[in-house]
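Computed from heavy atoms alone, side chains included, the values below leave out hydrogens, waters and symmetry copies.
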Amino acid sequence: MYHGICWLVPTFFMVLPLIPGDVYGDAGGWCWIYQDRPGWRFGTFYVWLMILFVVVTLAYIHVIKTLRKQSRARQAAVGTYQGESEAEALRRRRTEKKLVMYILAFIVLWLPGIINRVHQLAADRPVFALVFLHSVCVPLQGFCNSIIYASTEDGMLRIFTHPREAWTLLRARLAGGSAGGVGGGVQAYELSHKDALDELAGDGADDYDEFNSARDRAQLEDVEL
């Protein structure tokens, strides 16, 4: 279903302008639909993009509301549920933050393009500032998404907040791999701390950050492997 929608729908809208012919050509910064074919531009792309703005925003709001509703239900629960733990609350807040940032990035980066195309409907000459923002912002979507993902994931975040420790761990893993093969070296490196990690996990450490920090400290103690 996912691949069917992601491949067939864009292919349909790409092939559709080929039917009348003389629709694709020089569109300024892109090889796309001619400026004097605004109906095709908006009918095959920008109208659907604006609908997507609304749909994605509503979907993310629904997810955030659902997460908060589940959190309140856990806090009010009794018996086997003892409410939302600190680690769960932290993960929920990070998920909510990530969703909000994705929405903002999506809207902010595509808004100049929409404004530019709407302006071209009413004006004969393009505005350089709008064309420039359109050309710069749209290609940044993937880059901004990667930054948002990295800034809200524990493992990726530690690369930025503790680069020296991350580099030390990487060198240790590479050194272990060169001695007995990459797979064997990494396996031996991780097994050397298995007992310590099992003890930490067995103690019921529900604080996710505390557990990760303790695990990293245990691994750093054996960087000579």
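- Here the CZ-CD1 distance, from F143 to I148, works out to 10.5 Å after rounding to the nearest 0.5 Å.
- Side-chain contact check for Y60 versus V100: every heavy-atom pair is 4.5 Å or farther apart.
- Between the side chain of T95 and the backbone N or O of R91, at least one donor-acceptor pair lies under 3.5 Å.
- Neither L8 nor F45 shares a network with the other; the hydrophobic side chains, linked directly or stepwise wherever heavy atoms of I, L, V, M, F, W or Y lie under 4.5 Å apart, form separate groups for each.
- If you chain together hydrophobic residues whose side chains sit under 4.5 Å apart, V54 and V63 never meet in one group.
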Determine whether Y24 and M14 satisfy the following criterion, side-chain contact (heavy atoms from CB on, under 4.5 Å), listing intermediate values before the conclusion. CA-CA 10 Å; Y24 284 122; M14 180 190 70; 4.0 Å; yes
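- Looking at W48, its side chain does come within 3.5 Å of a backbone N or O of G43 through a donor-acceptor pair.
- At a threshold of 4.5 Å between non-hydrogen side-chain atoms, the residues T57 and I107 count as touching.
- Under the 4.5 Å side-chain heavy-atom criterion for Ile, Leu, Val, Met, Phe, Trp and Tyr, V47 and V138 are members of the same hydrophobic cluster.
- Between atom CG of residue L104 and atom SG of residue C144 there is a gap of 11.5 Å, rounded to the nearest 0.5 Å.
- Among the candidates K98, R93, R92, the single residue satisfying the salt bridge (charged side-chain N to carboxylate O under 4.0 Å, His left out) test with E96 is R92.
- In this structure, Y46 and L49 have side chains that are in contact, with non-hydrogen atoms separated by less than 4.5 Å.
- Counted by atom type alone, R41 and Q120 present one or more donor-acceptor pairs between their side chains at under 3.5 Å.
- The shortest distance between side-chain heavy atoms of F106 and N145 does not fall below 4.5 Å.
- I64 is connected to V55 through a chain of hydrophobic side-chain contacts under 4.5 Å among Ile, Leu, Val, Met, Phe, Trp and Tyr, so both are in one cluster.
- Enclosure of atom CH2 in W30 by more than 12 non-hydrogen atoms of other residues, nucleotides or ligands within 6.0 angstrom is indicated.
- T44 contributes atom OG1, which lies 12.5 Å from atom CZ of R37 (distance to the nearest 0.5 angstrom).
- Scanning both residues, A27 and I33, for their nearest heavy atoms gives CB-O, 3.4 Å.
- We find the NE2-CG distance between H119 and L121 to be 10.0 Å, quoted to the nearest 0.5 Å.
- Taken from CD1 in I114 to CG in L130, the straight-line distance is 12.5 Å, to the nearest 0.5 Å.
- Linking ILVMFWY side-chain heavy atoms closer than 4.5 Å, directly or via other members, places I115 and F132 in two distinct hydrophobic clusters.
- With values rounded to the nearest 0.5 angstrom, S146 atom OG is found 10.5 Å from Q141 atom CD.
- For the pair V23/Y34, no side-chain contact is recorded, criterion being any heavy-atom separation below 4.5 Å from C-beta on.
- The two residues L133 and P112 have their closest heavy-atom pair at CB-CB, 3.9 Å.
- Dense packing is recorded around CZ of F13, with more than 12 heavy atoms of other residues, nucleotides or ligands lying under 6.0 Å away.
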